[in-house]
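Inspection log for the structure reproduced underneath, given as structure tokens.
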Amino acid sequence: MTNFSRAVRRLALFLPAALLVPQPILAQEPAVPAPQYITPAGETPWIYEGSDVPRDEEWTFGELPNGLRYAVRKNGVPPDQVSVRVRIDAGSLHEEDSERGYAHLLEHLLFRESQYLKVGAAIPTWQRLGATFGSDTNAHTSPTETVFKLDLPNTNAAKLAESMKLLSGMVRSPVLSDKNVKAEVPIVLAEKRERGGASERAGNASREVLFAGQRLANRIPIGTEETLRAATGDSVSAFYKRWYRPENVVVVAAGDIDPMVLAAEIEKWFGDWQGDGPAVAAPDFGDPVAPAGADPANPVGEIGVIVEPDLPRSFTYTIMRPWRPVQDTVAYNEGLLRDALAQALINRRLESRARSGGSYLYAQVSQDDVSRSSDMTFVTFAPLTSDWKAALDDIRGVIADALATPPTQEEIDRELAEFEIVFKSQVEQRRVLPGPQLADDIVNAVDIREAVAAPETVLTVFNSMKQTLTPELVLEHTRALFTGDVIRAAYVTPATGEADEEAIRSALEETVAADTGSRLTGRAVSFEDLPAVGEPGQVTAQGPIGVLDIEKVEFANGVKAILWSNDAEPGRVAVKVRFGAGYRALDAEDAVYANLGSSALIGSGIGELGQEELDRLATGRKFGFDFETGDGAFTFYAQTREADLDEQLYLFAAKLAMPGWDPNPVIRAKAAGKLAYESYAASPGGILQRDLEYLLRDSDPRFQTPTPEMFDAATPEKFREVWEPLLKQGPVEVLVFGEFDKAATIETLRKTFGALPAREEPSAAILNRGVDFPEAGETVVRHHRGDANQAAAVVAWPSGAGVDNLRESRHLEVLTSVFNNRLMDAMREHAGASYSPVVRSEWPSDVKSGGRIAALAQLRPEDVPVFFAEAERIAKELASEPVSQDEYDRVVEPLRQYVSRASTGNLFWLYQLEGSTVDARRVDMLRYLLADYTEVPPAQLQALAQKYFGSRAGWHLAIIPQGQELATAANAGAAAASR
């Protein structure tokens, strides 16, 4: 097993393989004043006050005299990065009626202008520092908090100091002028507009029912149009001054730098901050209360029936209890684990019923403390038909059995084994936990008013809980989960008259019989009892590929494997299997079966084993079984660990050698497809999801989203007829990257993939089957049934595909990054005409056609021609003159840092090398990868723009509301003039 440092992995992008030997990395950081307010040794850090949970010693905590708290730690994943989070304990629940939407509006305004960042300078400034806006630099607002996020790559002490300065200026001294508020409100309204529609209405209506009488019922972060339009600099400043105070703030920093430096920078830039005026207590969020006269034994309260013709059926009922802060002790966490076990037992029973052809598509029980407003047990399900009561009764019957009788020890042991593998994996992988995740963990703990625990502590608590667990104790916790102060329900249905409040109330008040047949029993299944894939194969070739210590192994049956055994990510092994010809192997009439394959192929089993038996095999193991149909190959993918790698490889190989054909997963997938189809028309985004790939491939039937009629006509028998020969297709490529024993894994490959019968090679006609790009001409128009102020637009140009010009595809990503920045600036100038326009380059490397560059945005219907005009203008400008050096640097530096960080992980190398056994040029092209993203002269970008934009106009798609005509440039201009 090799031990290449993460720094050396990055050097592999541009150094000859012979030079790739570990070298010491020397760095010096300038001295900084020592932090003054770190929690002294022996004292309890602020996050552990009132808790006996063992402290995670890798975190250092501090609290400033002004009340601001912080947490810092050293973390080298990814290398040279620091992740900073600034959390303000204020969200939409802290707003008064006239302030709805202000917490989220402030999130926008802090990025707009602040003490050290002039108007519009935030995004370019972070880009120059190497941070990509939206992924490395972002923020979110919830009902209870606002969090600003920065993942700063290639950090040194100077960049860290500059970034802390900028963040402090944003949080401490934003410019909340009338001018800035007036400029930013339309952008927030554009975001609100694009969130709107049937799903948003149903969610808001459900929230009003489930949280009746509480602030959460009608305070969502996006706010209301009325309060946002009425916002002024003064009114927003009043909200800011009330809540943006140091005692309401936690700063978290985790990264590849001395934590004392992190703490010192926080103290320097936030230490002298003082709140404006006296501190204000947070408002009372309210408690869930049953209506007068409700039965204390079954306190059914508010019921809502929400009719949305474009949404599938979904039913939620909740058992609600008041939320209260807890003492986050070991005993409390043991109780949470027992609660989780009780839920897992019920959910497995519910899933088993659904798989075998129940009255519902899915059902799940979950417990959550929601926005510090209620401790809730949710029961959520989707009825298969309009007979919602049959589904409700079936699900309540399963729950009634769990409430009446303790589970069997066999059931408990099965769930405990699942929990244990998760907690053990977290311990194994602790060294490679990424900094952003660690920082977010602290923020989440603060939000729910709990402590944070190291993975070893979690495993210890689990083991202590397991030793005291009995079936009777699980029953006690199950009953507590389904006991509360009030029961509320919301049913979303597409059909008027299908249900009413009284019918649902009566159904919930009925006593249902316990479904004693829902308990899972069955014989134990062992890998030792399973048939061999075949006679072990022979290795015919083995050797290095010339990059790092990665090897290629070839077997006599034609299977080829790429293996990289390394210890960079302890406890992790990534496995990917590529086989066949992907979409090229599908015929025009097979679209529905291509769609069903993604959801039913794995569930249909292996040999005589169905999904239930496979689940039993997986007990106590870490397996994955993702399946995808790609342009040029089918793929299985899994994240596993060394202890389970042999079995994981067996499952993948057995799926190719002896697939099962259980009809139930196909039937269930058909039902799910039908239920989902009508919801696509509810919004422009749904239409994009349904039709864009199909349209961009010149309406190729293979890429059509199946209609309900197509699902009705599909059969399990035809499903097998389509997929059985596809599973026999070659070539087969296996990639295994991670911590494993190479020699042992080659032996396992001999017994699994090496033992497969020789694969059937796709014909030349299949391999050469391509896809066309639609001709540019009149705008293609699709209509949605959502809100009248919603639309979407796409402009696309054909590009390339295949390995021949793979380097050019990387250059195109640089070009589209420039395009993306310009388009975002242009559309924001139109006063919120668009929310988050994006430009993407797609270059399929497995096939020889199908590439494109596409710009898309969600906007108002009257602004569709503006978007078309701006996208075409930018394309022509890029083709007519080179970009400026600053504009070039703003996209190249984030790309440089993205590649640099990504290349330190195994998945980066796996994705770069997949397909290399079919086309070895992929290996050779690795040496150019970093240069291709970071050393493309502006003149070369201009030449690319001339090649792809200069010779033809873009293809246009507009998605507008049903009943409207497509706006033209003339009538759009008139509408703008009248506003």
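Looking only at atom types and distance, the side chain of Gln127 has a donor-acceptor partner in the side chain of Asn821 under 3.5 Å away. Between the side chains of Ser464 and Glu334, at least one donor N or O lies within less than 3.5 Å of an accepting N or O. A side-chain N or O of Arg901 and one of Gln81 form a donor-acceptor pair less than 3.5 Å apart. Side-chain contact check for Tyr898 and Ser135: no donor-acceptor pair (N or O, by modelled atom type) lies under 3.5 Å.
Using a cutoff of 4.0 Å between basic side-chain nitrogens and carboxylate oxygens, Glu99 and Arg242 are scored as salt-bridged. Between Asp567 and Arg572 no salt bridge is recorded (no basic side-chain N to carboxylate O distance below 4.0 Å). Taking the charged nitrogens against the carboxylate oxygens, Asp889 and Arg128 have no contact shorter than 4.0 Å, which rules out a salt bridge. The pair Asp89-Arg87 meets the salt-bridge criterion, since a charged nitrogen lies less than 4.0 angstrom from a carboxylate oxygen.
No option in Leu160, Val84, Leu129 other than Leu160 meets the side chain to side chain contact (heavy atoms under 4.5 Å, CB included) test with Thr155. Of the residues Asp447, Asp287, Asp284, the one that meets the salt bridge (Lys or Arg N to Asp or Glu O under 4.0 Å) test with Arg372 is Asp447.
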Decide side chain to side chain contact (heavy atoms under 4.5 Å, CB included) for Ile47 and Phe61; before the verdict, give the C-alpha distance in whole Å, the side-chain angles of both, and the deciding distance to 0.1 Å. CA-CA 8 Å; Ile47 203 169; Phe61 297 90; 3.6 Å; yes
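Phe148 has its side chain out of reach of Arg85: every pair of non-hydrogen atoms, C-beta onward, lies at least 4.5 Å apart.
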